[in-house]
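Hydrogens, waters and symmetry mates play no part in the numbers below; they use all other heavy atoms, side chains included.
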Amino acid sequence: MRQGHFQDQATGQGKRARTRAALLDATVAVVAEKGMEAAKISDITTAAGLANGTFYNHFTDKDEILREAAYGLGLEVARQLDAEMVGIDDAARRVVTATSRFIAILMIEPDWAAVLLGSADHLPGMREEMFRYLRGDIELGVAQGRFNAEVTAFLLDQVAALIAVAIRVQLQEGADPAVTRQVCESILRLLGMPPARARKTIESLGPA
């Protein structure tokens with residue numbers, strides 16, 4: 001198995017940290033291949049080239065390693081998005097920028113998509129954690145008068161569903177900036193922005 005995100009982060013650390021990282025990277029690979037529900041601890045240790053007993057020196061069960069893998073990838077994506085959002089104060093532009101970059105990152109790292117999308121569906125607490133930044137930007141947009149929507153769990157679920165569909169379609173059919181722009185416009189309209197203004201906001205950002 002090629003070295004992945006967690007092993008890159010563990011470079012120069014001790015053997016225990018490197019072994020833990022290898023298990024986390026193996027988890028990402030196995031979930032990408034089999035899905036979160038079907039992945040087994042034995043699959044993870046095999047992919048990592050480690051004995052089953054080694055797993056329990058680092059994690060208590062499958063849910064623990066799934067959570068750590070998802071949180072670790074989520075933090076890395078958030079770090080990259082934060083760098084893109086510096087200086088963007090308008091909430092509509094923030095939502096479009098974050099959505100576009102999130103999709104672009106997962107096109108580059110499709111295994112991450114399997115973990116992050118799967119964790120939102122299967123791991124308690126991950127959905128709320130992933131929605132935290134989105135909720136903040138939508139609430140900012142309401143305060144700025146850019147959005148006309150009540151920020152509820154159902155609204156966040158709808159936005160997340162649009163993003164997930166855009167990711168899955170492009171993973172299957174290839175990256176398509178037009179799909180990303182279409183989903184961004186649909187999100188702005190879902191948030192209560194008039195169609196013409198939503199389209200103008202997307203166009204003002206230039207080519208995808």
Asks: Would you say Asp111's side chain and Ala29's backbone share a donor-acceptor pair under 3.5 angstrom?
Replies: no
Asks: In Å and rounded to the nearest 0.5 Å, what is the CG to CZ distance from Leu106 to Arg168?
Replies: 11.0 Å
Asks: Look only at the side chain of Ser119 and the backbone of Leu116, and say whether a donor-acceptor pair between them is shorter than 3.5 Å.
Replies: yes
Asks: Does the Thr60 side chain pair with the main chain of Tyr56, one donor and one acceptor, at a distance under 3.5 Å?
Replies: no
Asks: What's the shortest heavy-atom distance between Leu190 and Gln158, and which atoms?
Replies: CD2-CB, 3.6 Å
Asks: Under 3.5 Å, is there a donor-acceptor pair between the side chain of Thr46 and the main chain of Asp43?
Replies: no
Asks: Once you round to the nearest 0.5 Å, how far does NE2 of His58 lie from CG of Leu23?
Replies: 6.0 Å
Asks: With hydrophobic residues grouped by side-chain heavy-atom distances under 4.5 Å, do Met36 and Leu171 end up in a single group?
Replies: yes
Asks: Minimum heavy-atom separation for Arg189 and Ala198, please, with both atom names.
Replies: CG-CB, 3.8 Å
Asks: Does Arg101 reach the main-chain N or O of Leu81 with its side chain, forming a donor-acceptor pair under 3.5 Å?
Replies: no
Asks: What's the spacing between Phe55 CZ and Ile65 CD1 if we round to 0.5 Å?
Replies: 4.5 Å
Asks: Out of curiosity, does Leu140 fall in the hydrophobic cluster containing Phe147 (side-chain heavy atoms, cut-off under 4.5 Å, transitive links)?
Replies: no
Asks: Going through the checks in order, is the side chain to side chain contact (heavy atoms under 4.5 Å, CB included) test met by Glu109 and Leu73?
Replies: CA-CA 10 Å; Glu109 298 286 356; Leu73 297 182; over 6 Å; no
Asks: Can you give me the closest heavy-atom contact between Met193 and Ala92, atom names plus distance?
Replies: CE-CB, 3.8 Å
Asks: With side chains defined as the heavy atoms from C-beta onward, is the minimum distance between Leu156 and Ile138 less than 4.5 Å?
Replies: yes
Asks: Is a side-chain N or O of Gln170 found less than 3.5 angstrom from the main chain of Asp176, in a donor-acceptor match?
Replies: yes
Asks: With a 4.5 Å cut-off on side-chain heavy-atom distances among I, L, V, M, F, W and Y, is there a chain of contacts connecting Ile88 to Phe102?
Replies: no
Asks: Do Val151 and Phe131 make a side-chain contact, defined as non-hydrogen atoms from C-beta onward lying under 4.5 Å apart?
Replies: no
Asks: Would you check if the side chain of Ser100 reaches a backbone N or O of Thr97 as a donor-acceptor pair within less than 3.5 Å?
Replies: no
Asks: Same hydrophobic cluster for Tyr133 and Val159, using side-chain heavy-atom links shorter than 4.5 Å among ILVMFWY?
Replies: no
Asks: Can you check side chain to side chain contact (heavy atoms under 4.5 Å, CB included) on Thr99 and Leu134, steps first, answer last?
Replies: CA-CA 9 Å; Thr99 299; Leu134 175 61; 5.8 Å; no
Asks: Looking at every heavy atom in both Ala39 and Lys34, which two are closest together, and how far apart are they?
Replies: N-CB, 4.5 Å
Asks: Please round to the nearest 0.5 Å and tell me the distance separating atom CD1 of Ile41 and atom NZ of Lys62.
Replies: 8.0 Å
Asks: So that I can tick it off, tell me whether Arg79 and Glu76 are bridged by a salt bridge, with the cut-off set at under 4.0 angstrom between side-chain N and carboxylate O.
Replies: yes
Asks: Can you see which heavy atom on Ala153 is nearest to which on Arg135, and at what distance?
Replies: N-NH2, 4.4 Å
Asks: How long is the span from the CZ atom in Arg18 to the CG atom in Asp25, to the nearest 0.5 Å?
Replies: 13.5 Å
Asks: Calculate, to the nearest 0.5 Å, the distance between atoms CG and CD belonging to Leu75 and Gln9 respectively.
Replies: 9.0 Å
Asks: Transitively linked via ILVMFWY side-chain contacts under 4.5 Å: Phe6 with Leu50?
Replies: yes
Asks: Are Phe59 and Arg20 close enough that some pair of their side-chain heavy atoms sits under 4.5 Å apart?
Replies: yes
Asks: Could you report the tightest heavy-atom contact between Met85 and Asp137, atom names first, then the distance?
Replies: CE-OD2, 3.8 Å
Asks: Within a reach of under 6.0 Å around CD of Gln13, are more than 12 heavy atoms found that belong to other residues, nucleotides or ligands?
Replies: yes
Asks: So Val95 and Arg146, do their side chains get closer than 4.5 Å, heavy atoms only?
Replies: no
Asks: Yes or no on side chain to side chain contact (heavy atoms under 4.5 Å, CB included) for Ile167 and Met107, after CA distance, side-chain angles and deciding distance?
Replies: CA-CA 7 Å; Ile167 291 168; Met107 290 302 101; 4.0 Å; yes
Asks: Any side-chain heavy atom of Val165 within less than 4.5 Å of one from Val183?
Replies: no
Asks: Atom CG of residue position Asn148 - does it have more than 12 heavy atoms of other residues, nucleotides or ligands inside 6.0 Å?
Replies: no
Asks: Main chain of Glu185, side chain of Arg199: is a donor-acceptor contact present, judged purely on distance under 3.5 Å?
Replies: no
Asks: Any heavy-atom pair between the side chains of Cys184 and Leu188 that's under 4.5 Å?
Replies: no
Asks: Could you check if a side-chain atom of Ile187 sits within less than 4.5 angstrom of a side-chain atom of Ile163, using non-hydrogen atoms only?
Replies: yes
Asks: Can you find a heavy atom in the side chain of Trp112 that is under 4.5 Å from one in the side chain of Val28?
Replies: yes
Asks: Judged by atom type as modelled, is there a donor-acceptor pair below 3.5 Å linking the side chain of Gln144 to the main-chain atoms of Asp89?
Replies: yes
Asks: Side chain of Arg16, backbone of Asn57: donor and acceptor closer than 3.5 Å?
Replies: yes
